[in-house]
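Let me begin by presenting the structure, written as structure tokens, before commenting on it.
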Amino acid sequence: MVRLLQPKHMVQAVNALHWRNSVEFHKLLKDNGDFSICFNSEQVLPQKISVEKMVKMLPRHLIAVVMTPNKDGKSRYILCGIRLLQTLCDLTPRNAKLEQVLLDDVKLSAQMIDLVILVIIALGRNRKESCNSNKESLLEATLVASCLHLFHGFISPNSQDLVLVLLAHPRVDVFIDSAFGAVLNVVISLKAKLLYRQTDSPKKLGASSVEEVNFHCQQAEAALQFLHSLCQHKPFRERVAKNKELCGKGGVLRLAQSILSLAITPEFVGATVTIASTSRMKAKVLSILQHLFEAESVSFLDEVANAGNLHLAKTVASEVLKLLRLGLSKASMATASPDYPMGFVLLNAMRLADVLTDDSNFRSFFTEHFSMVLSAVFCLSHGDFLSMLCSSDLSSREDDANVDYDLFKSAGWILSVFSPSGQSVTPQFKLSLQNNLTMSSYAHQRTSLFIKMIANLHCFVPNVCQEQDRNRFIQNVMSGLRKDPSSILIKMLPGSSYTPVAQRGTGVCRNLGSLLRHAESLIPSSLNEEDFLLLRVFCDQLQPLIHSEFEESQVQMKDIEGRGGNLSGKLKELLNLNNEEASEDCDVRVEGVMTKQGVNEEIDTVERLKESDADASNLETSGSDTSSNRGKGLVEEGELVQNMSKRFKGSASGEVKEDEKSETFLVFEKQKKKRKRSIMNADQMGMIEKALAEEPDLQRNSASRQLWADKISQKGSEVITSSQLKNWLNNRKAKLARANKQTGPAHDNNSSGDLPESPGDENTWQQKPSTPIKDQTATETPKTGESLMRSSSSSEEGIKQGQQVRLMDERGDEIGKGMVLRTDGEWYGLSLETRQICVVDVMELSESYDGNKKMIPYGSDDVGRTFTEANSRFGVMRVAWDVNKLQY
């Protein structure tokens, strides 16, 4: 006979049945066809209970237990009831009658919602500053996570459905405040436990102790993961942002500060589960903060400031800065991905920093501290800088994951700890990867966020920023460049990862140029033009300061690469075009600091730049001469800088007379009209030269031409169309014909497809050509030795740019074949003419040589130390080679 369900019967049923999983429960129901179940209780005889009556009474029974005064075993019993409810919910897909009773009854569903909310309110009502005993803190952590995840069992596994149900509940605001408070209590007890372990000897930390910490950490992550899933939806996070108790009084910020300050002690270094779990928690709380800070209905940070809790926000900002330092230090290291996903810590920290650097309350803080981090990043060696910020194929990346939380296993483990039989094996939850970002998308987002922070800090808004802050950011960056970068970033990088002090000026400028060129390629998919223009102004201002600081005025100025790059800082100083020194009637004027109004004018300029593919340096701005940013779009050209620098060699101070400046400006305008922009860089031209050797009729084959246009577009900052490639090939053919007419047959030793407009551009073609390669190989022995080194100005014979050569080793054996890229000037600190060296693009290695193992001469971290590393740096095996070991 089925018993009446009195409270004592419910207690017996809960204590006996919560140990049964859904499979066992289903078998018991099948054994009893009357929808009842038999169980063993403390009494001698087995008990029988109606499942329908138990299900309808269980939520009200547990609510009554929650409302009773605290007593021993209360939390454990509630967890037993929650576990039994989860088992019944898991069973509903297999049992139609149970599904009808449990899930289709609206009144019963409302009671279950009330139960979870009441438990969370009880757990989150009081903010803790210390933890209970070890077992009690584990029990509380499990109860918080289990209650929150029970929502998935009886409402929906979809967080969007949960948001709709919760927002319709009359006590939703109390629930939100209590839920964040309950998770905060769990984190506080976890943090205290980790701090306590610091005082223990590693020998005292047994396996069970580490397992308990891992379990506690997983419960905290599961609870936070639930809140994070709700905050992904705009209606919920807008409701959270409006909660004055939670936001204004700093509840969310306290939770964030507690999680971000979690530290793993040396004793737990081997506990991969704990390390990865705490890292993912940091990534999720950063994401929650970002969503709340960007709420549209209310200004989260203004609410915090009005409540007098801005100091909490600044504490969180300080933790974010630490994560940026650590993340950027790791990002420049070629480390393998961990076995356990660590979450998007760096990416989310940069997203949050993007918001904070654009807020007036935090601008000064990041201007003072993040500028130091920027300086250290700019001091990285060129190879490390490229791999961190200018690459689409990173050596390592962050991976994100969610915990597949198992309520039944979690509750069972902690309840077994309190049982006389002792604890069972600690459950290990599965991780479901959440990598919805490709490698290139991740890399581009990281770079664009880096640029956005620079743009935010460098942008001067007169109505918001104070006048004394106008140049503060760039001054702080310069101050950071004077310091040891290893003292700014986390000390985990070898000394060779940074540019030596003697080469810091050129190294930083080179990194700036690479960043600017790469940034241009991210428009508009990952970066907007406004941020790109602010980055360009930052680079234009910083470069002359760097050269002045590091006394490199004697060194050839390196152009900041990229479409629309400005005149180098040195030329601007010589022309006296910067800031107040520029006269109002001058046709070229550059404001010292970019403003929002100036950015809008610059966007118009760049739009016109896009439309003009014939001459990228011929930019004109419309409007009155008093425009604060007029002429900022002038393209920086390396040869022009060199020519203009020669004109001012006589002035040691760099100042020029007014008539000289006028004359110089006219020369500049004349040169500007003569210059033509090459649509391809050296790497791209080398690829086309190789293609022409295999397919001489490339320009007539439209399909092949389109294929090569797509290939070379991947090696540059601009997309090159098939028609552009055809025009380039036509220009190249015309140039070869003209050179052949003037001087006789010539090698294809100049890959430029742009017709020169002045004799100065044709100096290579006016050289006396050497005998063609095919004739040499037929009639002469190959020429080698230092006599082959050609001076760029006078020598009539020798190795020339674009020439096909064979690379030989010390024994005279052939290593490979390639094409000469450079024969004079400097290349990564090597004086080519002085040391009798050429830069060669190796197109083919001999079969007997392994590119991964074969060391190259003059190898370094910048250019690589093997042929394979060189290929990864430049996209082609570009190496420096002694001319006496080249044959042609």
Approximate separation, where rounding is to 0.5 Å, of [X] [atom1] and [Y] [atom2]:
{"X": "S375", "Y": "L481", "atom1": "OG", "atom2": "CG", "value": "4.5 Å"}
{"X": "L545", "Y": "D540", "atom1": "CG", "atom2": "CG", "value": "11.5 Å"}
{"X": "Q804", "Y": "K690", "atom1": "CD", "atom2": "NZ", "value": "10.0 Å"}
{"X": "C390", "Y": "H382", "atom1": "SG", "atom2": "NE2", "value": "7.5 Å"}
{"X": "K800", "Y": "T823", "atom1": "NZ", "atom2": "OG1", "value": "10.5 Å"}

Start with the C-alpha distance between S526 and T447, add both sets of side-chain angles, then the distance that settles side chain to side chain contact (heavy atoms under 4.5 Å, CB included), and finish with yes or no. CA-CA 9 Å; S526 300; T447 302; over 6 Å; no
Using the test side-chain hydrogen bond (donor to acceptor under 3.5 Å, both in side chains), find all partners of [X] that sit at least two apart in sequence or belong to another chain.
{"X": "R705", "result": "S722"}
{"X": "S525", "result": "none"}
{"X": "E847", "result": "none"}
{"X": "T868", "result": "N852"}

Please report the C-alpha distance between S486 and D484 in whole Å, then the side-chain angles of each, then the deciding distance to 0.1 Å, and finally whether the side-chain hydrogen bond (donor to acceptor under 3.5 Å, both in side chains) criterion is met. CA-CA 5 Å; S486 63; D484 179 10; 2.7 Å; yes
Please step through side-chain hydrogen bond (donor to acceptor under 3.5 Å, both in side chains) for the pair S441 and T438, ending with a clear verdict. CA-CA 5 Å; S441 178; T438 62; 4.5 Å; no
Where do S381 and D384 land on the side-chain hydrogen bond (donor to acceptor under 3.5 Å, both in side chains) test, with the steps shown first? CA-CA 5 Å; S381 65; D384 288 337; 3.1 Å; yes
Would you call E520-R536 a salt bridge at under 4.0 Å N-O? no
Any [X] side-chain heavy atom under 4.5 Å of [Y] side chain:
{"X": "L346", "Y": "L323", "value": "no"}
{"X": "W881", "Y": "I837", "value": "no"}
{"X": "R822", "Y": "Q801", "value": "no"}
{"X": "V842", "Y": "K817", "value": "no"}
{"X": "H518", "Y": "H444", "value": "yes"}
{"X": "S391", "Y": "L386", "value": "no"}
{"X": "S440", "Y": "D393", "value": "no"}
{"X": "M819", "Y": "M843", "value": "yes"}

Note: T866 and I856 closest approach over all heavy atoms is C-CG2, 3.9 Å
Between [X] (side chain only) and [Y] (backbone N and O only), is there a donor and an acceptor less than 3.5 Å apart?
{"X": "T499", "Y": "G507", "value": "no"}
{"X": "R806", "Y": "G816", "value": "no"}
{"X": "D882", "Y": "K885", "value": "no"}

When the ring planes of F385 and F378 are compared, do they come out parallel, tilted or perpendicular, using 30° and 60° as the limits? tilted
In terms of ring plane angle, is the pair F370 and F450 parallel, tilted or perpendicular, where the classes change at 30° and 60°? perpendicular
Applying side chain to side chain contact (heavy atoms under 4.5 Å, CB included), name anything that partners [X], two or more places apart in sequence or on another chain.
{"X": "A519", "result": "I451, L527, F532, L535"}
{"X": "S846", "result": "E814, S848, Y849"}
{"X": "S371", "result": "F473, N476, V477"}
{"X": "L347", "result": "F344, R351, E398, L437, Y442, Q445, R446, L449"}

Which is it for F867 and I815 under the side chain to side chain contact (heavy atoms under 4.5 Å, CB included) test, yes or no, and what are the steps along the way? CA-CA 11 Å; F867 284 100; I815 292 179; 4.0 Å; yes
Please report the C-alpha distance between D399 and R397 in whole Å, then the side-chain angles of each, then the deciding distance to 0.1 Å, and finally whether the salt bridge (Lys or Arg N to Asp or Glu O under 4.0 Å) criterion is met. CA-CA 7 Å; D399 293 312; R397 56 162 288 175; 3.5 Å; yes
Could you point out which residue of I454, L533, L516 forms a side chain to side chain contact (heavy atoms under 4.5 Å, CB included) with F538? I454
Using salt bridge (Lys or Arg N to Asp or Glu O under 4.0 Å) as the criterion, list what pairs up with R482, not counting sequence neighbours. E549
